[in-house]
Amino acid sequence: MDDYLIGVLSNIGVISFLALSAYLLLLTGEISFGQQAFFAIGAYAAGIATALWGWSLAAALVWGAATGAAAAVLVGVPTLRLHGLYFAIATLAFAEMVRLLFELFRYQIPIDGELVGPNGVDGFGNIRYIFENDIGPLQFLLLIYGLLAAALAGFMVLERSRLGVIFRMIGEDEVLAEMHGVAVARHKVLAAGIAGAIAGVGGGLYAHLTTYVEPRIFDVMLGVHSLAYGLIGGLGTAFGPLLGVLIDIGVLESIRAFAGYRMIIFGGLVAILLIFRPRGLLDEFVVHQIGRAWRRVWDLVLRSARQPAASGG
Amino acid sequence: MTAATRLQLFSALTIAVCFADALSAAEVRAKADVTCQPTGISLQYDCSIRLTQARTGVPLTDVTVMVGADMPSMPMMHNVRPMKATAGRESGSYEIRLDLEMTGDWAVRLDLTGEVRDRVVKVLRFEQDRVGPTPAKAPSQNKH
């Protein structure tokens, strides 16, 4: 496979974690403009773990997820009492605070005559784990999609579980959920923690994919995109945000001829899409229709498989 | 087997393959100096790259250098498709013409393969008439 294609697919995979993170909060009815902060925390934590402490990638990704989750829970406890616009602004303010803290964060040690580690606004380069351990681009791509498949499997289990029903119930009507005996605050903090962990894993993968991170990468633009993925792709299934990422990065790559105007064109496309499909492309109705069609096809296949066996016997 | 189980199986297999095949640490770390200058054509810049071994300072010759670029403020949104740099006259030097989408700070990404496999990222500020290192900003200046 072409290295460029591997690069694009890797980017799509890594950003999908951020999209899934924002999607989980959207399920509980909260719009977060701050998921990029947990992505950043995961990126720095995992990068420091491999580049400075010599940890394995697996341990570093777990560490990235844990720091992302811990930060999300810490922020979640006070902010999830807020609703709607107030919550959105609080998450945005938190994300900017994290970005500014990374601009001040310096922690470097000399490696091979070069100082390595986060250096404020100058960023954090030389996160060379995949090169030091001879992990090829295709291998890393497989790792990204393996972890993404694990996250998606988790979402599929979640959506069929009682917890998933509770999340959607809170998202539909928080007061009604509370009247049915649901501990709304506890479940929202839990959702925030899981979302933080997912973003943290994504951040850890991103740092090792690019080998370089700096605070500017994690600004509000990334937060807006992460939220847009769910809204474009649809809120009916966890595959919705992934479709959103595919459209975003796919469209941006395919309209490369427009160079600097690509973002303006993309913004216009998103606006048009949201006018005609306010709950995204894969909304609950479409997901239901696809499920019904799939069951019908499956029944037909089973029936046709049984018929020759019956006529033969 | 449900779809979720299939996904779990796929993820377990791929993760196992990736982690199991991590080989011994690569010994050579690359160091790069990148200097660029405007060509006179809008948003096109000629860049010279000098590659050495970080530890010894020995020039890196037999390597393939793919050069790409990303805008740190808009990751994955504005980027330059990687292109192969040509070997320069001096040992360990390479040349490439970058065609950017706009002026501003760009993270120039050098992907090395061959004798050495490594990636070096250099952040430079590209303006219409000159290219230089990103000015060291105090965090407070960045707010405005």
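Just so it is clear: chains get the letters A, B, ... in the order the sequence lines come, proteins before strands, and each one is counted from 1.
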S.K.: Shortest non-hydrogen contact from B/Val121 to A/Thr210?
M.R.: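 That would be CG2-O, 3.9 Å.
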S.K.: Report yes if some heavy atom in the side chain of A/Arg216 is under 4.5 Å from a heavy atom in the side chain of B/Val123; otherwise report no.
M.R.: yes
S.K.: Report the distance from atom CZ of B/Arg119 to atom CG of A/Leu209, rounding to the nearest 0.5 Å.
M.R.: 6.0 Å
S.K.: Answer whether the closest heavy-atom distance between the side chains of A/Asp3 and B/Met66 falls below 4.5 Å.
M.R.: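 Contact flag for A/Asp3/B/Met66 side chains = no.
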S.K.: Check B/Asp118 against A/Phe131 and note the closest heavy-atom contact, atom names and distance.
M.R.: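 Looks like CA-CD2, 3.5 Å.
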S.K.: Using side chain to side chain contact (heavy atoms under 4.5 Å, CB included) as the criterion, list what pairs up with B/Leu124, not counting sequence neighbours.
M.R.: B/Val34, B/Cys36, B/Val108, B/Phe126, B/Val131
S.K.: For B/Gln37, does the CD atom sit with more than 12 other heavy atoms under 6.0 Å from it, leaving out its own atoms?
M.R.: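 Check fails, neighbour count at 12 or below.
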S.K.: Measuring from A/Ile111:CD1 to B/Arg29:CZ, what's the distance to the nearest 0.5 Å?
M.R.: 5.5 Å
S.K.: For A/Tyr206, is it the side chain, the backbone, both, or neither that has a heavy atom closer than 4.5 Å to a heavy atom of chain B?
M.R.: side chain
S.K.: Which distance, rounded to the nearest 0.5 Å, do you find between the CG of A/Asn11 and the CG of B/Asp70?
M.R.: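 Output value for this atom pair is 7.5 Å.
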S.K.: Check whether more than 12 heavy atoms from other residues, nucleotides or ligands sit under 6.0 Å from atom CD of B/Glu127, and answer yes or no.
M.R.: yes
S.K.: Could you tell me which non-hydrogen atom of B/Arg117 sits nearest to which non-hydrogen atom of A/Asp134, and how far apart they are?
M.R.: NH1-OD1, 3.7 Å
S.K.: Pick one of side chain, backbone, both or neither for A/Ile217, based on which atoms fall under 4.5 Å of a heavy atom in chain B.
M.R.: both
S.K.: Using the disulfide bond (SG atoms under 2.5 Å apart) rule, collect all pairs that involve residues 56-126 of chain B, keeping only residues at least two apart or in two chains.
M.R.: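 Found none.
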